[in-house]
Amino acid sequence: MITCFGALKERILKDGKCLEGGILKVDGFINHQIDPDLLEQMSVEFIRRFADVKFNKILTIEASGIAPAVMLGFLLHLPVVFAKKKKPSTMDNMLTTTVYSFTKNRTYDVCCSRNFLCRGDKVLFIDDFLANGNAAKGIIDLVQQAGAELAGMGFLIEKSFQHGGDYLRSQGIKVESLAVIDSLDNCRISFADDSIAC
Ligand code: G4P
């Protein structure tokens, strides 16, 4: 069953903006200006949803995943690692993969040091958006290369009409999304679960 987190859903309806091409702008509270109180509430909801899963590390990808991942790591006192989109010249011992961005119509490299994503780690991946799931697929590749284990994937907003979530769930991954949007057609925001209290 798909359930949405009421506080985020209400905020999306209040401050989210629909752009052409199925893009939802949430830069007033998630990915440019950030609302820390909402971020804390969302992290508490992730803690509730992943309560039955064991993990020792939180993994995310720069840039917009970092804030929600750090808030969760702060509350759980766990380290947070973010995959980088540019290989730093000072880093060796890197895991790398290539991700195709549907939104930007280009590929980019994603990398992470083997020192911070290690064999035996059990990681929870956190990101702001799940759309086509290409970033998530890249992360799965990095986790596999490291010999680590993926405990689950948590997203603030899933756009279910782009089907990344279908793929991840079909792989047996525990995926939790706090707000699931099933359509942005005609610039109208439609949630998968239509009850505001969900
Ligand atoms: P995918 O990873 O799920 O396949 O997504 P896609 O390639 O379509 O998206 C690429 C980037 O666009 C990702 O951020 C993703 O979070 C973001 N994105 C996707 N749909 C939306 C949307 O409706 N609204 C907003 N605001 N962003 C969206 P990124 O390029 O990695 O950017 P950032 O994390 O550096 O901000």
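The analysis underlying the following values was restricted to heavy atoms, covering all of them including side chains, and did not include hydrogens, waters or symmetry mates. We're numbering straight along the sequence, starting at 1. As the structure lists them, so they are numbered: ligands from 1, and atoms in each ligand from 1. On a predicted model such as this, the values are computed, not experimentally measured, just so you know.
Counting heavy atoms of neighbouring residues, nucleotides and ligands inside a 6.0 Å radius, atom CZ of Phe74 does not exceed 12 of them. A 6.0 Å sphere centred on OH of Tyr108 holds more than 12 heavy atoms belonging to other residues, nucleotides or ligands. Open room surrounds NZ on Lys122; 12 or fewer heavy atoms of other groups in view lie less than 6.0 Å from it. Counting heavy atoms of neighbouring residues, nucleotides and ligands inside a 6.0 Å radius, atom CZ of Phe116 does not exceed 12 of them.
When distances from atom 19 (C) of ligand 1 to the protein are checked, a heavy atom turns up under 4.0 Å. Within the 4.0 angstrom cut-off, atom 26 (N) of ligand 1 has one or more protein heavy-atom neighbours. Protein heavy atoms are absent from the space less than 4.0 angstrom from atom 13 (C) of ligand 1.
No N or O atom of Lys25 sits closer than 3.5 Å to an N or O atom of ligand 1. Considering backbone and side-chain N/O atoms, Gly65 never comes within less than 3.5 Å of an N/O atom of ligand 1.
For the pair Val26 and ligand 1, no heavy-atom separation below 4.0 Å is found. A heavy-atom separation below 4.0 Å is found between Gly133 and ligand 1. Judged by the shortest distance from any of its heavy atoms, Lys137 lies outside the 4.0 Å radius around the atoms of ligand 1.
Closest protein heavy atom to atom 5 (O) of ligand 1: Ala131 CB, 3.5 Å. Among all non-hydrogen protein atoms, the one lying nearest atom 11 (C) of ligand 1 is Thr103 OG1, 4.2 Å.
Of the N and O atoms on the side chains of Ser190 and Asp182, at least one donor lies less than 3.5 Å from an acceptor on the other residue.
Which parts of ligand 1 touch Ser101 is read off a 4.0 Å heavy-atom cut-off, strictly below it: atoms 7 (O), 10 (C). For ligand 1 and Lys85, the ligand atoms under 4.0 Å from any heavy atom of the residue are 29 (P), 30 (O), 31 (O), 32 (O), 33 (P), 34 (O), 35 (O). Close approach of ligand 1 to Asp128 (heavy-atom distance below 4.0 Å) involves ligand atoms 16 (O). Of all atoms in ligand 1, numbered sequentially from 1 with element shown, those under 4.0 Å from a heavy atom of Asn31 are 26 (N).
Of the listed residues (Val99, Ile61, Asn134, Leu24), the one carrying the non-hydrogen atom nearest atom 4 (O) of ligand 1 is Asn134. Considering Tyr108, Phe129, Tyr100, Phe155 only, the shortest heavy-atom separation from atom 28 (C) of ligand 1 involves Phe129.
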